[in-house]
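Remember, predicted model here, so these are calculated numbers, not experimental data.
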Amino acid sequence: MASTLGVAVVGFGWMGRVHTQAYARLPHHFPQLGLRPELVMVAEEVPGRAEEAAAQFGFASTTRDWRAVAADPRVQAVSITAPNFLHREIGVVMAEAGKHIWIEKPVGLSAADAGAVADAVAKAGVQGAVGFNYRNAPAVERARQLIASGEIGTVTHVRVRLFSDYAAHPDGALTWRYERERGGSGVLGDLASHGADLARFLLGDIASLTADTAVFVPERSRPTGATAGHTRASGGDLGPVENEDYVSCLLRFASGARGVLEACRVSVGEQNNYGFEVHGTKGAVFWDFRRMNELGVSSGTSYQDQPVSTVFVGPGDGEFGAFQPGAANAMGYDDLKVIEAHRFVRSVAEGTPYGATLTDAVRSAAALDAMSRSVESGAWVSVGG
């Protein structure tokens, strides 16, 4: 019989719910896992929200103070899904308390924040996982293997795009996400962090870059009550949007490959248009999140007029077999978080990191910091981290 792992969730907005559901599904998809999550505590400062979570999902206890989670000996692992400005403090405190942590990107407001959490995790000897969920798609893992095998030749260039309309409505509330002090960067931390991670996952380290950003919706109404997700508000006092809606970035990889990364949160007509195109000297590979279980692959010796084939991922790709029995059966977004939860809990069980780690968070954050420096200077800058 599997042993239990006492888990807590800190911050119960949409992402806290996704983490909780992922823990609950682990025994169904990964019955061989030696640890079975037990929902011990949920922490949420909005009155009544933690109690609603406990009633729906079965958490044993609730609190409005996340520090109670760190002090509770029943809790062995913590999902940190609170707003960005709290990531560093909560992550460091939890690690110092001996808790394994699964923390959402971008892990604070800067590379320094991500580095502080990474250092605390390393010093405490606990496991640390990060919510770079798109790299968990079986098609993305297959694309990485295809690139590494040389099937498309030497990679020459890549384009990574992340376009969404979640902030396109002018009545979108002025929440913490649009404030420098609490949200840090805007679309950089929210979407471009995923883009930087995907680029590194597929092609290796980014050596240098140059970037440009813009704010297209400069003012929003302040909400009058608690918010979750992307709440609408109108008629309230207007306040300034302090961080960017859009970023475009040219990349130079350590391998010599070139790249373009573009992300926007106010793209009218675009709903989760995330993906990449990787080109090599002999072929190319294409992925679109909205067709998550497919790859477009061009390979061979024709070069000019070489066709592109649609490839459906199947049980031999990534963790696909834990969800579906055969190719072309669809997986969805929440399945990616189940994979992430599995790799986190497996890391705890075996004492060896699986999946995205705090090191990956530091590297992604270093790229974001470099983008900000480039915008300020108007020049190419090196990527540290």
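N293 places no side-chain N or O within donor-acceptor distance of the main-chain N or O of V313, the cut-off being under 3.5 Å. Using modelled atom types, one side-chain atom of S347 and one backbone atom of Y354 make a donor-acceptor pair closer than 3.5 Å. Looking at T63, its side chain never comes within 3.5 Å of a backbone N or O of A43 through a donor-acceptor pair. Of the possible donor and acceptor atoms, one in the side chain of S61 sits under 3.5 Å from a partner among the backbone N and O of V40. Checked by atom type and distance alone, the side chain of Q56 never pairs as donor or acceptor with a backbone atom of E52 at under 3.5 Å. Between the side chain of S149 and the backbone N or O of L146 there is at least one donor-acceptor pair closer than 3.5 Å. In this structure a side-chain-to-backbone donor-acceptor pair under 3.5 Å is present from E244 to L188. Here the side chain of D72 pairs no donor or acceptor atom with the backbone of V69 at under 3.5 angstrom. Checking side-chain atoms of H87 against main-chain N and O of G108 turns up a donor-acceptor pair under 3.5 Å. Looking at E45, its side chain never comes within 3.5 Å of a backbone N or O of G11 through a donor-acceptor pair.
Legend: side chain to side chain donor-acceptor pair (under 3.5 Å) pairs involving residues 28-37, not counting sequence neighbours, sorted by first then second residue: R25-H29. Under the side chain to side chain donor-acceptor pair (under 3.5 Å) criterion, the residue pairs touching residues 202-218 are R200-D205, D205-R363, T210-S374, with sequence neighbours excluded. Evaluation of the side chain to side chain donor-acceptor pair (under 3.5 Å) test over residues 245-263, restricted to residues two or more places apart or in two chains, returns D245-R265, Y246-E262. Pairs passing the salt bridge (charged side-chain N to carboxylate O under 4.0 Å, His left out) check and including a residue from residues 54-65, sequence neighbours excluded, read D65-R67. Among pairs with a residue in residues 133-160, those fulfilling ring pair (Phe, Tyr, Trp, His ring centres under 6.0 Å) read Y134-H194, Y134-Y274, Y134-F289, H157-H279, at least two apart in sequence or across chains. Sorted by first and then second residue, the salt bridge (charged side-chain N to carboxylate O under 4.0 Å, His left out) pairs with a member in residues 290-310 read D288-R290, R291-E294; sequence neighbours excluded.
The CG atom of D369 sits 8.5 Å away from atom OG of S185, with the distance rounded to the nearest 0.5 Å. Atom CZ of residue R182 and atom CG of residue L109 lie 11.5 Å apart, to the nearest 0.5 angstrom. With values rounded to the nearest 0.5 angstrom, T62 atom OG1 is found 11.0 Å from E44 atom CD. Taking CG of L251 as the reference point, atom CZ of F253 lies at 5.0 Å (rounded to 0.5 Å). Rounding to the nearest 0.5 angstrom, the gap separating the CZ atom in F132 from the CG atom in D360 is 7.0 Å. Going from atom CD of Q324 over to atom CD of E319 covers 14.0 Å, rounded to the nearest 0.5 Å.
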- Item | From CA spacing to verdict: side chain to side chain contact (heavy atoms under 4.5 Å, CB included), L26, V338 | CA-CA 7 Å; L26 276 185; V338 176; 4.2 Å; yes
- Can you list the steps and then say if R222 with D237 is a salt bridge (charged side-chain N to carboxylate O under 4.0 Å, His left out)? CA-CA 6 Å; R222 302 182 189 278; D237 294 334; 5.6 Å; no
- Message: side chain to side chain contact (heavy atoms under 4.5 Å, CB included) for V308 and F286? Distances and angles first, verdict last.
- Response: CA-CA 9 Å; V308 177; F286 310 91; 4.0 Å; yes
- Message: With side chain to side chain contact (heavy atoms under 4.5 Å, CB included) as the criterion, how do I147 and R144 come out once you've worked through the C-alpha distance, each side chain's angles and the decisive distance to 0.1 Å?
- Response: CA-CA 5 Å; I147 293 166; R144 188 191 195 205; 5.7 Å; no
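Between E340 and R343, no side-chain nitrogen of the basic residue sits less than 4.0 Å from a carboxylate oxygen of the acidic one, so the salt-bridge criterion is not met. Between E277 and R161 there is a salt bridge, with a side-chain nitrogen of the basic residue lying less than 4.0 Å from a carboxylate oxygen of the acidic one.
In this structure the side chain of P138 reaches within 4.5 angstrom of the side chain of M331, judged on heavy atoms. Inter-residue side-chain proximity for H19 and E104 is flagged as met; some heavy-atom pair is nearer than 4.5 Å. Under the 4.5 Å side-chain criterion, counting only non-hydrogen atoms from C-beta, Y166 is in contact with L191. Taking 4.5 Å as the limit, every side-chain heavy atom of L295 sits out of range of all side-chain heavy atoms of T310. Side-chain atoms of Q271 and D165, non-hydrogen and from C-beta on, do get closer than 4.5 Å to each other. Side-chain contact between D317 and E141 is absent, with no heavy atoms from C-beta onward closer than 4.5 Å. Counting only heavy atoms from C-beta outward, the side chains of V7 and S79 never approach each other to under 4.5 Å. Between R142 and V311 the shortest side-chain heavy-atom distance falls below 4.5 Å.
By the side chain to side chain donor-acceptor pair (under 3.5 Å) test, R88 pairs with D113, sequence neighbours left out. For S110, there are no side chain to side chain donor-acceptor pair (under 3.5 Å) partners, not counting sequence neighbours. Checked against side chain to side chain donor-acceptor pair (under 3.5 Å), R180 has no partners two or more places apart in sequence or in another chain. Applying the side chain to side chain donor-acceptor pair (under 3.5 Å) criterion to E242, with sequence neighbours excluded, gives no partner residue. Considering only residues two or more places apart in sequence or on other chains, A370 meets the side-chain contact (heavy atoms from CB on, under 4.5 Å) condition with L209, R373, V381, V383. Residues passing the salt bridge (Lys or Arg N to Asp or Glu O under 4.0 Å) test with K105, sequence neighbours excluded: D190.
Cluster membership check: V241 does not share its hydrophobic cluster with V375, using side-chain heavy-atom separations under 4.5 Å among Ile, Leu, Val, Met, Phe, Trp and Tyr. In terms of hydrophobic clustering, with Ile, Leu, Val, Met, Phe, Trp and Tyr side chains grouped at heavy-atom distances under 4.5 Å, L35 and V9 are assigned to a common cluster. Hydrophobic clustering keeps V75 apart from L39 (ILVMFWY residues linked when any side-chain heavy atoms are closer than 4.5 Å, directly or through intermediates). Using a 4.5 Å cut-off between side-chain heavy atoms of Ile, Leu, Val, Met, Phe, Trp and Tyr, with links allowed through other members, V345 and I101 fall into different hydrophobic clusters. By the rule that hydrophobic residues join a cluster once side-chain heavy atoms approach within less than 4.5 Å of another member, F59 and I80 end up as members of separate clusters.
Geometric assessment of R49 against the ring of F12 yields a negative cation-pi assignment under the 6.0 Å and 45° thresholds.
Aromatic pair W14/Y333: ring centres closer than 6.0 Å.
S164 and E270 form no side-chain donor-acceptor contact under 3.5 Å, judged by distance and modelled atom types alone. Under the 3.5 Å distance criterion, with hydrogens and angles disregarded, a donor-acceptor pair is assigned to the side chains of E151 and S299.
No option in V126, V121, V93, V78 other than V78 meets the side-chain contact (heavy atoms from CB on, under 4.5 Å) test with K99.
Using cut-offs of 30° and 60° on the angle between ring planes, the pair Y23 and W102 is perpendicular.
Of all heavy-atom pairs between L174 and P240, the closest is CD1-O, 3.6 Å.
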